[in-house]
Amino acid sequence: MPSGQNVVLPEAMMANQTPLFPWRLMSGGGGFGIRRKCLPQLELGSNGGRANAWFESMKASSPTHANAAAALASSPSVADQDEHPTWMVRHPSALSSFGEIIRASKRKQIVMFLDYDGTLSPIVDDPDRAFISDAMRDAVRDVARNFPTAIVSGRCRDKVYNFVRLAELYYAGSHGMDIKVPAKGPSFIRANAKPVLFQPASKFLPMIEEVYKSLIEATKSIPGAKVENNKFCLSVHFRCVDEKRWSALADLVKSMLKEYPKLKLTLGRKVLEIRPLIKWDKGKALEFLLESLGFADSSDVFPIYIGDDRTDEDAFKVLRDRGQGFGILVSKIPKETNASYSLHDPSEASLVERRRLSLESYPNL
């Protein structure tokens with residue numbers, strides 16, 4: 001589109017509520033009934049913390065940890081009761097703040113960035129079955145007709161594409177280390193946009209493959225452990241591992257990585273992530289995609305990033321530092337975040353499908 005042309009939210013988008021935009025994911029503004037302590041930003045390298053620190057971090061990596069949830073729900077402390085409203089003041093519901101978000105984006109080009117697991121699909125025990133619903137796919141397609149839309153995931157780019165099956169999107173897999181921007185885009189993409197296949201960690205592929213094969217064999221002794229090859233990174237899922245074996249699994253992975261100092265180990269939601277030790281993350285991927293789409297130095301761009309994982313915090317921080325757009329955290333519980341707004345859970349999307357928003361609902365916009 002011409003550099004002087006602005007894009008505003010189309011009325012058609014408002015009239016047909018879909019679950020993609022954050023204000024369409026919820027039927028209310030809250031639901032953070034369980035308190036969780038902020039997760040430490042623990043990077044689990046070969047010289048990581050003690051075994052008990054690993055174990056506690058692994059327990060904290062999932063808000064659905066059964067014992068903790070049951071205990072907190074049955075006898076919440078005063079601090080637990082106080083934390084939610086305080087947290088919601090700092091990170092209000094994107095749904096109840098819909099008018100504020102739209103006013104901030106007025107006469108600006110919205111660019112959507114979406115995590116996959118936990119944002120477009122529910123978190124499930126088997127990562128190979130993290131399917132996107134038909135309703136959510138339709139919502140993403142609807143949004144992509146009006147705004148540049150990218151999926152930024154820790155998954156292999158091809159795997160995410162096979163889940164979503166929308167060719168009009170921009171995909172960044174392997175935590176942003178595998179980015180593909182098509183040669184031709186919709187009319188709202190700027191003329192200086194560039195076709196891209198960007199893979200800054202290509203030289204690590206043989207090493208990643210070697211570690212993957214070793215981990216497949218080594219983890220056979222730990223029932224429930226699943227190793228996923230995401231091309232430029234590996235994921236060791238422990239969601240289905242008996243909690244008593246978590247420390248053993250962490251020790252196994254740490255021990256193996258001692259032989260690979262150019263790889264680092266970090267912790268996600270019941271998953272250990274193995275990545276190349278390079279200065280690249282989802283925040284860098286967001287900036288790269290904006291540049292590739294022709295919006296690098298634009299003052300009239302409005303990026304919105306929706307994600308639920310610790311790895312999404314890099315993108316949230318970039319938006320805060322840029323002073324453009326907003327990060328929106330999907331989480332059932334309060335936790336430390338660089339996001340500006342919050343959502344409860346993508347599973348509520350189907351309930352909201354029946355609701356309809358229109359411009360008449362916001363007469364002051």
Side-chain angles (χ1 to χ4, degrees), residues 42-48 54 57-58 61 115-117 126-128 130 150-164 170-181 196-222 224-241 246 248-286 288-289 307 309-315:
L42 180 64
E43 280 212 349
L44 307 176
S46 58
N47 297 317
W54 277 63
S57 295
M58 290 171 79
S61 71
D115 182 28
Y116 183 76
D117 293 278
D126 184 353
D128 291 334
I151 294 180
V152 185
S153 173
R155 299 277 200 137
C156 170
R157 175 170 56 83
D158 290 339
K159 184 175 292 186
V160 174
Y161 179 83
N162 288 335
F163 277 136
V164 180
Y170 307 92
Y171 292 88
S174 303
H175 297 290
M177 290 181 285
D178 188 8
I179 299 176
K180 187 173 184 180
V181 177
V196 168
L197 178 60
F198 182 66
Q199 298 174 330
S202 293
K203 68 178 183 180
F204 290 91
L205 275 176
M207 185 184 300
I208 292 289
E209 184 64 26
E210 181 178 313
V211 175
Y212 172 67
K213 292 177 180 179
S214 298
L215 279 173
I216 287 290
E217 287 301 315
T219 56
K220 287 180 178 178
S221 62
I222 301 181
K226 183 177 179 63
V227 184
E228 184 180 15
N229 189 338
N230 289 311
K231 192 167 184 176
F232 295 104
C233 58
L234 302 174
S235 299
V236 182
H237 300 272
F238 59 91
R239 186 170 298 276
C240 296
V241 174
W246 288 1
L249 177 62
D251 289 342
L252 184 156
V253 177
K254 282 196 302 179
S255 177
M256 183 172 295
L257 289 187
K258 288 179 180 179
E259 301 179 18
Y260 299 93
K262 293 184 179 180
L263 299 179
K264 67 177 180 179
L265 186 64
T266 58
L267 183 63
R269 292 182 65 180
K270 286 201 171 180
V271 62
L272 299 171
E273 303 273 8
I274 299 168
R275 290 188 272 171
L277 196 59
I278 63 173
K279 294 182 178 180
W280 198 263
D281 51 41
K282 289 184 175 182
K284 298 285 188 182
L286 182 151
F288 184 89
L289 280 163
D309 193 70
R310 174 182 304 196
T311 59
D312 298 309
E313 290 298 326
D314 296 311

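Remember, it's a predicted structure, so these values are computed and weren't measured experimentally.
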For Ala218, check side-chain contact (heavy atoms from CB on, under 4.5 Å) against everything at least two apart and list the hits. Leu252, Met256
Check the surroundings of atom NZ in Lys231: do more than 12 heavy atoms from other residues, nucleotides or ligands lie under 6.0 Å from it? yes
With rounding to the nearest 0.5 angstrom, report the NE2 to CD distance, His175 to Glu273. 3.5 Å
Smallest separation among heavy atoms of Phe204 and Ile278, with atom names: CE1-CG2, 3.6 Å
Quick one: closest heavy-atom pair of Ser235 and Val271, and the distance? CB-CG2, 3.6 Å
Rounded to the nearest 0.5 Å, the CG atom of Asp115 sits from the CG atom of Asp312 at a distance of 4.0 Å
Please report the C-alpha distance between Asp128 and Lys159 in whole Å, then the side-chain angles of each, then the deciding distance to 0.1 Å, and finally whether the side chain to side chain contact (heavy atoms under 4.5 Å, CB included) criterion is met. CA-CA 9 Å; Asp128 291 334; Lys159 184 175 292 186; 3.8 Å; yes
Assess whether side chain to side chain contact (heavy atoms under 4.5 Å, CB included) is satisfied between Lys254 and Asp251, documenting all intermediate values. CA-CA 5 Å; Lys254 282 196 302 179; Asp251 289 342; 3.7 Å; yes
Go through Asp314 and Leu286 one step at a time and tell me if the side chain to side chain contact (heavy atoms under 4.5 Å, CB included) criterion holds. CA-CA 9 Å; Asp314 296 311; Leu286 182 151; over 6 Å; no
Minimum heavy-atom distance Leu249-Ala225, with the two atoms named: CD1-CB, 4.3 Å
Steps toward side chain to side chain contact (heavy atoms under 4.5 Å, CB included) verdict (Leu277, Leu263): CA-CA 5 Å; Leu277 196 59; Leu263 299 179; over 6 Å; no
Quick one: which residue pairs count as a side chain to side chain donor-acceptor pair (under 3.5 Å) with a foot in residues 197-207, not counting sequence neighbours? Asp178-Gln199
Minimum-distance pair of heavy atoms, taken over all atoms of Arg155 and Asn230: CA-OD1, 3.4 Å
According to side-chain contact (heavy atoms from CB on, under 4.5 Å), who are the partners of Asn162, at least two apart in sequence or on a separate chain? none
Please state whether the rings of Phe288 and Phe198 are parallel, tilted or perpendicular, taking 30° and 60° as the class boundaries. parallel
Rounded to the nearest 0.5 Å, how far does CG of Asp126 lie from CZ of Arg239? 11.5 Å
Rounding to 0.5 Å, atoms CD (Glu228) and NE2 (His237) come to a distance of 4.0 Å
Considering only NZ, NE, NH1 and NH2 on the basic side and carboxylate oxygens on the acidic side, decide whether Asp117 and Arg269 come within less than 4.0 Å. no
Could you tell me whether the side chain of Asn229 reaches within less than 4.5 Å of the side chain of Glu209, counting heavy atoms only? yes
Heavy-atom closest pair (Gly176 atom, Ala285 atom, distance to 0.1 Å) is CA-CB, 3.6 Å
Name all residues meeting the side-chain contact (heavy atoms from CB on, under 4.5 Å) criterion together with Ala172; count only those two or more places apart in sequence or in a different chain, and write none if there are none. Val152, Ile179, Leu289
Check side-chain contact (heavy atoms from CB on, under 4.5 Å) between Glu210 and all other residues, then give those that pass, not counting sequence neighbours. Tyr260
With a cut-off of 6.0 Å (strictly less than), are more than 12 heavy atoms of other residues, nucleotides or ligands near NZ of Lys180? no
What residues, two or more places apart in sequence or in another chain, satisfy side chain to side chain donor-acceptor pair (under 3.5 Å) together with Thr311? Lys282, Asp309
Parallel, tilted or perpendicular: which one describes the rings of Tyr116 and Phe163, with boundaries at 30° and 60°? parallel
Evaluation steps, ring pair (Phe, Tyr, Trp, His ring centres under 6.0 Å), between Phe232 and Trp280: CA-CA 12 Å; Phe232 295 104; Trp280 198 263; over 10 Å; no
Rounded at 0.5 Å granularity, tell me how far NZ in Lys264 sits from CG in Leu257. 12.5 Å
Correct closest heavy-atom pair for Leu234 and Val211 would be CD1-CG1, 3.7 Å
